[in-house]
Amino acid sequence: MSAPLLRIEGLTLAFSGLVALNDVSLDVAKGSLFAIIGPNGAGKSSLFNCISGVHRPGAGSIHFAGRSLVGVAPHRVAALGVAMGVARTFQNLAVFDELTVLSNLMLGRHHLYRSGWFSDLFWLPLTRRQEVEHRARAEDVIDFLRLEKYRKQAVGGLPYGVKKLVEVGRALCMDPELLLLDEPAAGLNQEETEALAHYLLEIKEAFGITQILIEHQLGLVLDLADRVAVLDFGVKVAEGDPEEIARHDAVLEAYIGVGTPKSAALGGVGDSLEGIERTGGAT
């Protein structure tokens with residue numbers, strides 16, 4: 001078997017004695033769609049923050065394409081090399097409302113510019129060539145996400161679902177090898193969620209980009225993921241393919257309810273995990 005694109009071993013992260021991640025280990029295969037699920041506060045976003053360089057873990061290792069990410073600054077994690085970086089979307093939208101869709105996507109190309117301030121100031125040939133090249137890539141992503149009619153509109157005035165796609169598009173414009181998606185379907189209606197699912201599959205199949213998906217909608221996870229890990233109180237309580245996870249006793253007890261018949265639990269496995277109480281049962 002080939003080495004995983006991302007290998008996490010014994011990852012531990014604590015804040016003033018509060019343990020957010022406790023000895024978490026994961027292997028993410030190149031070209032796969034790996035999902036991480038769990039209730040609010042389980043440590044999912046903390047894991048993303050460690051991968052992307054926002055937090056430095058207290059113990060453990062993170063290796064991406066054979067290179068350690070521990071202690072690497074976020075902007076360097078994003079630009080480890082052409083088509084070898086890590087891109088991320090966020091739970092809360094992080095778009096620039098006053099800029100157009102095209103300008104927001106062009107920001108994703110910033111780390112790929114190789115011209116200096118002098119060339120940029122005087123609009124020299126190198127800068128002009130790069131501008132054409134990067135704008136063409138942004139236009140390709142706009143076409144892929146079917147954002148053509150919004151391309152010159154300010155993002156602040158667009159529907160929420162379109163803003164979500166703009167954020168995904170900006171991440172794609174970074175030409176990442178690994179794409180971290182933090183609850184991309186949050187706040188979307190059924191039609192928008194189905195469209196997003198289509199795009200995530202296309203990103204994997206057409207572009208070969210490895211994805212790690214944090215998502216509360218279990219139906220979406222079970223339909224899309226190649227492999228699923230479950231976190232609770234910062235501990236990995238289960239990992240397997242979607243079918244295994246849907247029937248895992250520890251998962252059913254933690255997130256559906258202790259003592260719930262398995263047949264009944266599986267009937268509701270497509271529900272959202274958001275807001276589920278760890279004492280058992282959904283709120």
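The heavy-atom pair separating M106 from H134 by the smallest distance is SD-O, 3.6 Å. For A29 against T210, the heavy-atom pair with the smallest separation is O-CG2, 3.5 Å. A pairwise comparison of heavy atoms in L112 and M174 identifies CD1-O, 4.3 Å as the closest pair. When all heavy atoms of L188 and G161 are compared, the closest pair comes out as CD2-CA, 3.7 Å. In terms of heavy-atom proximity, V101 sits nearest to Y150 at CG2-O, 3.2 Å. Between V228 and V221, the shortest heavy-atom distance links the atoms CG2-CG1, 3.8 Å.
Residues V72 and L47 are members of one and the same hydrophobic cluster, defined by side-chain heavy-atom contacts under 4.5 angstrom among Ile, Leu, Val, Met, Phe, Trp and Tyr. When hydrophobic clusters are built by joining Ile, Leu, Val, Met, Phe, Trp and Tyr residues whose side-chain heavy atoms come closer than 4.5 Å, directly or via intermediates, L179 is grouped together with Y199. Note on L107: it does not cluster hydrophobically with V86, by side-chain heavy-atom contacts below 4.5 Å among ILVMFWY residues. Residues L181 and L93 share a single hydrophobic cluster, defined by chaining ILVMFWY side chains whose heavy atoms lie under 4.5 Å apart. Note: the hydrophobic cluster containing L201 also contains L220 (ILVMFWY, side chain heavy atoms under 4.5 Å, direct or indirect links).
Atom CD of E133 is separated from atom CZ of R114 by 10.0 Å, given to the nearest 0.5 angstrom. Atom CG of residue D175 and atom CZ of residue R137 lie 4.5 Å apart, to the nearest 0.5 angstrom. Rounding to the nearest 0.5 Å places OG of S32 at 8.0 Å from CD1 of I212. Atom CD1 of residue I37 and atom CD of residue E215 lie 10.5 Å apart, to the nearest 0.5 angstrom. F15 CZ to L21 CG: the interatomic distance, rounded to the nearest 0.5 Å, is 8.0 Å.
Between D23 and K236 no salt bridge is recorded (no basic side-chain N to carboxylate O distance below 4.0 Å). Look at K44 and E183 and you find no salt bridge, because none of the NZ, NE, NH1 or NH2 atoms lies under 4.0 Å from a carboxylate O.
Remark: side-chain polar atoms of D226 are paired, donor with acceptor, to backbone N or O of L33 under 3.5 angstrom. With E244 contributing its side chain and D241 its backbone, the two residues share a donor-acceptor pair below 3.5 Å.
No more than 12 heavy atoms of other residues, nucleotides or ligands shown are found within 6.0 angstrom of CZ on F118. Within a 6.0 Å sphere centred on NE2 of H110, heavy atoms belonging to other residues, nucleotides or ligands number 12 at most. Counted within 6.0 Å of OH on Y160, heavy atoms from surrounding residues, nucleotides or ligands total more than 12; the atom is thus considered enclosed. Other residues, nucleotides and ligands place no more than 12 heavy atoms under 6.0 Å from the CD atom of E191. When the shell of 6.0 Å around CZ of R128 is examined, it contains more than 12 heavy atoms from other residues, nucleotides or ligands.
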